[in-house]
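The structure appears below as structure tokens.
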2 protein chains.
Amino acid sequence: MRLYVERGYEQTTVAEIAAEAGLTARTFFRHFADKREVLFAGSERLLTHMVEALDAAPATGGPMRTVAAALDAAAELLGRDRSWSRQRQSLIDTNAELRERELIKMARIAAALAEELRRRGVPAADASLAAEAGIAVFRVAWERWLTGADELDLATVMKATLSRLAAVTAAE
Amino acid sequence: MRLYVERGYEQTTVAEIAAEAGLTARTFFRHFADKREVLFAGSERLLTHMVEALDAAPATGGPMRTVAAALDAAAELLGRDRSWSRQRQSLIDTNAELRERELIKMARIAAALAEELRRRGVPAADASLAAEAGIAVFRVAWERWLTGADELDLATVMKATLSRLAAVTAAE
DNA sequence: TGGGTGATGTCATCAAGTGACATCACTGGA
DNA sequence: TCCAGTGATGTCACTTGATGACATCACCCA
């Protein structure tokens, strides 16, 4: 990430990254599937963390309440270092390849959450919707947390965003 | 797309595609930014179609009703040829690069819808949420329409999915 | 002590992109 | 009619990401 920030993502070659670590490009590709993946090493951890939280949530309330538990878990994991997150995010935002990779990671989480909801008995379509809606909340809250000047807690922003979603999607 | 389906996406080289069209690889890259883009030629048209529909929607009701108009427009544009859509989608689903590209196209649409909502006076966060929620509905409805055995209209599936979203996200 | 095992290096190779320059058909005006 | 300009294409050279095959080397354990 240091090299990506210094020179820009595209201007940094895998050979340079590997050299910086005292290794070969070939070795880099044994640890990371591709040049993008190195920035998303923690995504698997986030996924399991969220799925576990979803599993641990009580069965009371609708699927959205269950998803909220997963969002809490995400906030707990990601809400610590805002300036680091900002730097990483601005890097991702300036490169289309990285944006794509980020999106597929989120999509994978949404799919995992939906699957878990279905396992808990939520009808298939409702499960997908709740998971996707949850990810939508995550995205919006994340962006607000990063760009906001105030010192709000990520979890708090998530909760507020979730309730805004309920308001916005309420049938009239 | 014919070559991608016949040999698989990864097994098809740009040189082969170009040769099939009686052209050179270099020329391919003058028409399409990369090997993926050729499958998403219509995405810009979908975006403008949806944004225009959103613009044309009456100002009555909340942002979600406005987004619903954009979803209708999408259904109108995409709901015609289900078997072709199925083939294209199964191609996309079997390749991660193509999935990523599809996701960023959807994200771009979501961003455009949100921006248009903001222009219409919807508060920033609500606009993002409504747009993202709309795309979530699109995704789920699209998948149900493609995998469903019945002969349902895409627009009908969208409407039903939208009302399920309202039910699922309703505060309890 | 010697053989497996895992991590790494080396080498060759392919395919995706891209820049620079040449070519050629077409078009609008002198 | 001809010529200059324009746009689409081809050719060539090159970089970089990515992968397979094989060699090497340190380390651990029986």
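Fair warning: this is a prediction, and the values are worked out from it, not measured in the lab. Here is how names work: the chains are called A, B, and so on, in the same order as the sequence lines, proteins then strands, and each is numbered from 1.
Of the candidates D:dG10, D:dA18, C:dG9, D:dA18 carries the atom nearest the A:Phe29 side chain, counting heavy atoms from C-beta on.
Distance OH (A:Tyr4) to C1' (D:dT16): 12 Å, rounded to an integer number of Å. Residue B:Phe32 contributes atom CZ, which lies 21 Å from atom P of C:dA15 at whole-angstrom precision. Taking atom CD of residue B:Glu97 and atom C1' of nucleotide C:dG17, one finds them 13 Å apart after rounding to whole Å. Counting to the nearest Å, the P atom of D:dT9 and the CZ atom of B:Phe28 are 13 Å from each other. Here the P atom of nucleotide C:dC14 and the CD atom of B:Glu16 are 14 Å apart, to the nearest Å. What separates OH of B:Tyr9 from C1' of C:dA15 is a distance of 11 Å, to the nearest Å. Rounding to whole angstrom units, CD of residue B:Glu37 and C1' of C:dT18 are separated by 17 Å. Per the geometry, CD1 belonging to B:Ile17 stands 13 Å off P belonging to C:dA15, to the nearest Å.
Neither OP1 nor OP2 of D:dA8 sits under 4.0 Å from any side-chain N or O of B:His31. In this model, the phosphate group of D:dT16 is not approached by any side-chain N or O of A:Thr13 to a distance below 4.0 Å at OP1 or OP2. The phosphate of D:dG10 (OP1 or OP2) has a side-chain N or O of B:Thr24 nearer than 4.0 angstrom.
Residue B:Ile92 is not grouped with residue B:Leu78 when hydrophobic side chains (ILVMFWY) are merged at heavy-atom distances under 4.5 angstrom, including chains of intermediate members.
Contact check for A:Glu116 versus A:Arg119: side-chain heavy atoms found under the 4.5 Å cut-off.
Between the side chain of A:Arg26 and the base of D:dG17, no donor-acceptor pair under 3.5 Å is found. For D:dG7, the base has no donor-acceptor partner in the side chain of B:Arg30 [N/O atoms by modelled type, under 3.5 angstrom].
Residues that satisfy the side chain to side chain donor-acceptor pair (under 3.5 Å) test with B:Arg99, not counting sequence neighbours, are B:Glu102.
B:Arg80 and B:Ser85 share no side-chain donor-acceptor pair at under 3.5 Å.
Using a 4.0 Å heavy-atom cutoff across all strands shown, A:Ala33 reaches sugar-phosphate atoms only and no base atom.
Annotation: cation-pi pair A:Arg88/A:Phe40 present, NZ/CZ under 6.0 Å from the ring centroid and within 45° of its normal.
The 5' end of DNA chain D is approached more closely, in terms of each residue's nearest nucleotide, by B:Ala25 than by the other of A:Arg36 and B:Ala25.
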